[in-house]
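Below is one structure, written out as structure tokens, with a few remarks after it.
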There are 2 protein chains.
Amino acid sequence: MTTTEGPSGGPAEGLTTSDRILDAALASFATRGYDATSLDALAKGLELTKQSILYWFPSKDAVLEAVIARSAGELSVALETALSDAGAGWVRVEAVVRSVFRVAARQPELLGLLREVGRLGPPAATQMTLALEPLVRRASSFLEAEMDAGTMRRHDPRLLLLAIYSTVIGMVTEVEVLRALGEEPTARSLVRRRTDVLALLRSALVIE
Amino acid sequence: MTTTEGPSGGPAEGLTTSDRILDAALASFATRGYDATSLDALAKGLELTKQSILYWFPSKDAVLEAVIARSAGELSVALETALSDAGAGWVRVEAVVRSVFRVAARQPELLGLLREVGRLGPPAATQMTLALEPLVRRASSFLEAEMDAGTMRRHDPRLLLLAIYSTVIGMVTEVEVLRALGEEPTARSLVRRRTDVLALLRSALVIE
DNA sequence: GAAGTTGTCTACCATTTGGTAAGTGACCAC
DNA sequence: GTGGTCACTTACCAAATGGTAGACAACTTC
């Protein structure tokens with residue numbers, strides 16, 4: 001259903017219409033937010049009509065659902081790789097954090113969506129939760145193992161994960177707060193933030 | 001204009017109509033979000049008509065503006081107190097964090113609004129920024145002084161502030177993430193989160 | 001070349017949105 | 001007791017929203 005146009009059938013960059021819709025929807029949901037995104041506006045940006053969107057997806061909710069499914073998949077791949085790569089202890093945390101910042105640089109909308117979905121609550125949040133659950137489980141048990149091994153300070157692993165999540169995601173998505181602090185959200189600044197958050201996390205987590 | 005009804009003129013708890021409107025708006029903006037909040041729904045909850053809201057405030061934007069102004073004021077008071085109280089170094093950071101958690105327990109909408117406004121961007125975010133600017137300045141220079149004194153690890157004070165902000169606000173407002181981690185957002189859990197975030201921040205910041 | 005199938009369009013529609021206009025009853029000044 | 005203000009109402013409205021129905025052109029299949 002989504003691959004009917006083939007690799008070269010799309011009117012633009014060789015993308016399926018449904019993929020182009022998901023791209024635009026992801027971008028708009030992540031920045032303007034779900035509620036503030038209208039199908040008409042979405043369609044206009046794609047040089048389509050709203051009805052064409054509703055041809056590919058039965059409803060606006062279904063578009064969100066598809067966006068979440070796709071994005072959660074991409075996010076999982078990006079992080080699972082870092083999480084399963086060799087290395088232990090702090091090195092592994094650093095690898096994961098770095099991969100989040102890599103996502104922030106290449107596809108900031110992915111992290112913006114994560115935020116937006118958390119704000120929307122169920123059922124969207126539930127779907128995202130379920131899709132990322134394996135990742136969370138692995139990360140949580142990794143932290144626990146490290147604490148058991150005595151290489152990281154002891155905390156409730158779930159709260160620790162929430163703290164890391166909040167810090168990293170905040171550092172990457174809190175554009176307005178950044179501006180409030182007089183720091184323009186540029187690419188250079190992103191690197192600086194990465195360096196800083198890594199140093200911060202390191203002193204918070206690592207024993208010795 | 002807002003005090004015409006006097007201290008006992010309100011139909012319910014002795015509150016001005018315009019204050020009741022702001023209360024309801026704050027709650028709804030903070031939870032459902034600005035876009036998802038309609039004047040009709042707001043009015044219905046207050047047993048008023050939408051037109052009565054538009055009698056007190058010229059537009060929906062103006063309601064948001066007023067909500068931000070009032071909330072930023074309350075937030076400033078709560079935090080300025082903690083920030084200006086006696087004590088130095090870590091004790092003072094702890095006092096501020098504790099006061100944020102106190103707000104989270106008594107008026108969680110205040111922090112929810114902070115989040116929502118950051119998401120909305122200008123002009124709302126700019127207004128909030130300006131209103132909280134003195135607070136940010138004081139906090140930033142406090143951290144810088146501590147780092148100069150060698151009692152806290154050296155970081156870019158603004159990025160450090162962003163990290164602390166993200167962590168604390170995240171710990172307090174990321175209900176869905178909390179749920180995703182299998183932690184129900186109860187009052188008891190809030191206390192645990194406070195303990196945990198304090199321990200975490202302490203090891204991240206304090207030298208020795 | 002007739003019969004699908006596919007992707008997009010035009011034409012609608014009911015509902016909701018923020019906002020305007022014009023009233024109405026209660027209270028107050030004089 | 002009349003004029004005026006105050007708080008709130010009913011009656012509208014234009015625009016936008018998500019969604020339906022049906023037409024239509026392009027292409028494939030036989």
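Here is the naming used below: chain letters follow the sequence lines, and residue numbers restart at 1 for every chain.
Taking only side-chain atoms of Leu54(A), from C-beta outward, the nucleotide of dG18(C), dT9(D), dG19(D) with the closest atom is dG19(D). Comparing dT10(C), dT6(C), dT17(C) against the side chain of Gln51(A) picks out dT10(C) as the nearest. Of all nucleotides listed (dT9(D), dG7(C), dG19(D)), dG7(C) comes nearest to the side chain of Tyr55(A). When distances are taken from the side chain of Lys60(A) to each of dG7(C), dG18(D), dA11(C), the shortest belongs to dG18(D).
Ionic pairing of Asp35(B) and Arg32(A) is not present here: no N-O contact between side-chain nitrogen and carboxylate oxygen is shorter than 4.0 angstrom. Between Glu94(B) and Arg202(B) there is no salt bridge, since no side-chain N of the basic residue sits under 4.0 Å from a carboxylate O of the acidic one.
Take the nearest nucleotide of DNA chain D for Ile53(B) and for Asp40(A): the residue whose nucleotide is more 5' is Ile53(B).
Summarising the geometry, the separation between CZ on Arg20(B) and P on dA7(D) is reported as 14 Å, rounded to the nearest angstrom. In this entry the distance linking CZ of Phe57(B) with P of dT20(C) reads 16 Å, nearest Å. Atom CG in Leu42(A) sits roughly 17 Å away from atom P in dA16(D) (whole-Å rounding). The CD1-P distance, from Ile21(A) to dG18(D), rounds to 14 Å in whole Å. When the C1' atom of dC8(D) is taken as reference, atom CG of Leu46(B) falls 13 Å away, rounded to whole Å. Leu15(B) places its CG atom 15 Å from the P atom of dA7(D), with the value rounded to the nearest Å. What separates CG of Asp61(B) from C1' of dG18(C) is a distance of 10 Å, to the nearest Å.
One N or O donor and one acceptor, one from the side chain of Lys50(A) and one from the base of dG18(D), sit under 3.5 Å apart.
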May I have the step-by-step check of side-chain contact (heavy atoms from CB on, under 4.5 Å) for Thr17(A) and Leu48(A), ending in yes or no?
CA-CA 10 Å; Thr17(A) 298; Leu48(A) 280 178; 3.9 Å; yes
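The phosphate of dT9(D) (OP1 or OP2) has a side-chain N or O of Thr49(B) nearer than 4.0 angstrom. Contact check, Trp56(A) against dT8(C): a side-chain N or O comes under 4.0 Å of OP1 or OP2. In this structure, Thr17(A) reaches the dT8(C) phosphate: one of its side-chain N or O atoms is under 4.0 Å from OP1 or OP2.
Residues Arg193(A) and Ser189(A) have side chains that bring a donor and an acceptor to within less than 3.5 angstrom of each other.
Counting any heavy atom pair closer than 4.0 Å across all strands shown, Ser38(B) reaches sugar-phosphate atoms only and no base atom. Leu39(A) comes within 4.0 angstrom of sugar-phosphate atoms only, judged by non-hydrogen atoms across all strands, and of no base.
Leu42(B) and Thr37(B) get closest at one heavy-atom pair: CD1-CG2, 3.8 Å.
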